[in-house]
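A short worksheet on the structure shown next.
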Amino acid sequence: MLTQFLLLAIFGIAMAHFEGVVVVYLRKAIGLLESDTEAGNKELLEQVPKRYIKIEMTREAATIVMLLAVALLVGGSWLDRLMVFLWTFAFWDLFYYVSLYLLIKWPPRLTTIDVLFLIPRPWIAPVWFPVGVSSLTIISIAMFYLF
């Protein structure tokens, strides 16, 4: 089981980096990469054409579908599937921010405001919130499910 969760963590980290690279390219393509890095993504969201917001929503939905598919393939029971989904989601979410920081030094601080998700409508909060929730999820699952 430990090996399986280690591989799921690696999958989540790889998926996070892939998504981080896509976001860097999207920001560059729509001219937002050179924007003030101190600004949160809430302000940048207002500059993005609505068509691209809709496309971005499909990317987010595809991410969730991929995480669900892995959970359904790997987990034996519904509890296992839930733990696999949450574990992989937490690594993906946490390392998405690590990837963005390594690639473009964003976010500059954990207090930077971000658009966390667009579905069903924009979820806006400081970066420390998803980083904290993901970290607690990983620690909780490791403590209560793996050991």
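Keep in mind the model is a prediction, meaning the values are calculated, not measured.
- For Phe5 and Trp87, the gap between ring centers is short of 6.0 Å.
- Take Phe95 and apply the ring pair (Phe, Tyr, Trp, His ring centres under 6.0 Å) test, not counting sequence neighbours, and it matches no residue.
- When hydrophobic side chains of Ile, Leu, Val, Met, Phe, Trp and Tyr are connected at separations under 4.5 Å, Leu26 ends up clustered with Phe18, Val22.
- A single hydrophobic cluster is not seen to contain both Leu136 and Val131; linkage of ILVMFWY side chains at heavy-atom distances under 4.5 Å, directly or through other members, places them apart.
- Ile10 and Ile141 are assigned to two separate hydrophobic clusters, defined by single-linkage of ILVMFWY side chains at heavy-atom distances under 4.5 Å.
- Geometrically, Lys54 does not engage Tyr52 in a cation-pi contact, judged by NZ or CZ lying under 6.0 Å from the ring centre and within 45° of the ring axis.
- Considering only heavy atoms from C-beta on, Val74 stays 4.5 Å or farther from Arg81 through its side chain.
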Working for side chain to side chain contact (heavy atoms under 4.5 Å, CB included), residues Arg51 and Ile55 | CA-CA 6 Å; Arg51 181 181 191 317; Ile55 293 170; 3.1 Å; yes
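- For the pair Arg109 and Trp128, the cation-pi test (distance below 6.0 Å, angle within 45°) is failed.
- A donor-acceptor pair under 3.5 Å is absent between the side-chain atoms of Ser140 and the main chain of Thr137, judged by distance alone.
- Residues forming a ring pair (Phe, Tyr, Trp, His ring centres under 6.0 Å) with Trp92 (at least two apart in sequence, or on another chain): Phe89.
- Within the hydrophobic cluster formed by Ile, Leu, Val, Met, Phe, Trp and Tyr side chains joined at under 4.5 Å, directly or through other members, Leu73 stands alone, with no partner residue.
- For the pair Ile53/Met57, a side-chain contact is recorded, criterion being any heavy-atom separation below 4.5 Å from C-beta on.
- A heavy-atom distance below 4.5 Å is not found between the side chains of Phe91 and Leu8.
- Between Gly20 and Ser99, the shortest heavy-atom contact is CA-OG, 4.1 Å.
- A donor-acceptor pair under 3.5 Å is absent between the side-chain atoms of Trp106 and the main chain of Leu102, judged by distance alone.
- In this structure Ala125 satisfies the side chain to side chain contact (heavy atoms under 4.5 Å, CB included) test together with Leu116, Phe129, sequence neighbours excluded.
- Looking only at side-chain heavy atoms (C-beta outward), Ile124 and Ile113 come within less than 4.5 Å of each other.
- Side-chain contact between Phe117 and Pro122 is absent, with no heavy atoms from C-beta onward closer than 4.5 Å.
- Shown here are the side chain to side chain contact (heavy atoms under 4.5 Å, CB included) partners of Ser134, two or more places apart in sequence or in another chain: Ala90, Asp93, Leu94.
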Decide side chain to side chain contact (heavy atoms under 4.5 Å, CB included) for Trp78 and Leu82; before the verdict, give the C-alpha distance in whole Å, the side-chain angles of both, and the deciding distance to 0.1 Å.
-> CA-CA 6 Å; Trp78 283 108; Leu82 177 62; over 6 Å; no
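- In this structure, Leu103 and His17 have side chains that are in contact, with non-hydrogen atoms separated by less than 4.5 Å.
- Between the CD1 atom in Ile119 and the CD atom in Glu60 there is a gap of 5.0 Å [rounded to 0.5 Å].
- In this structure, the separation between CE on Met66 and CD1 on Ile64 is 9.0 Å, given to the nearest 0.5 Å.
- In this structure, Glu19 contributes its side chain and Tyr96 its backbone to no donor-acceptor pair below 3.5 Å.
- If you chain together hydrophobic residues whose side chains sit under 4.5 Å apart, Phe144 and Leu86 never meet in one group.
- Using a 4.5 Å heavy-atom cutoff, the side chains of Phe85 and Leu72 are not in contact.
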Trace of the side chain to side chain contact (heavy atoms under 4.5 Å, CB included) decision for Leu67 with Met15 | CA-CA 10 Å; Leu67 291 171; Met15 196 170 141; 3.8 Å; yes
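- Leu110 is connected to Trp123 through a chain of hydrophobic side-chain contacts under 4.5 Å among Ile, Leu, Val, Met, Phe, Trp and Tyr, so both are in one cluster.
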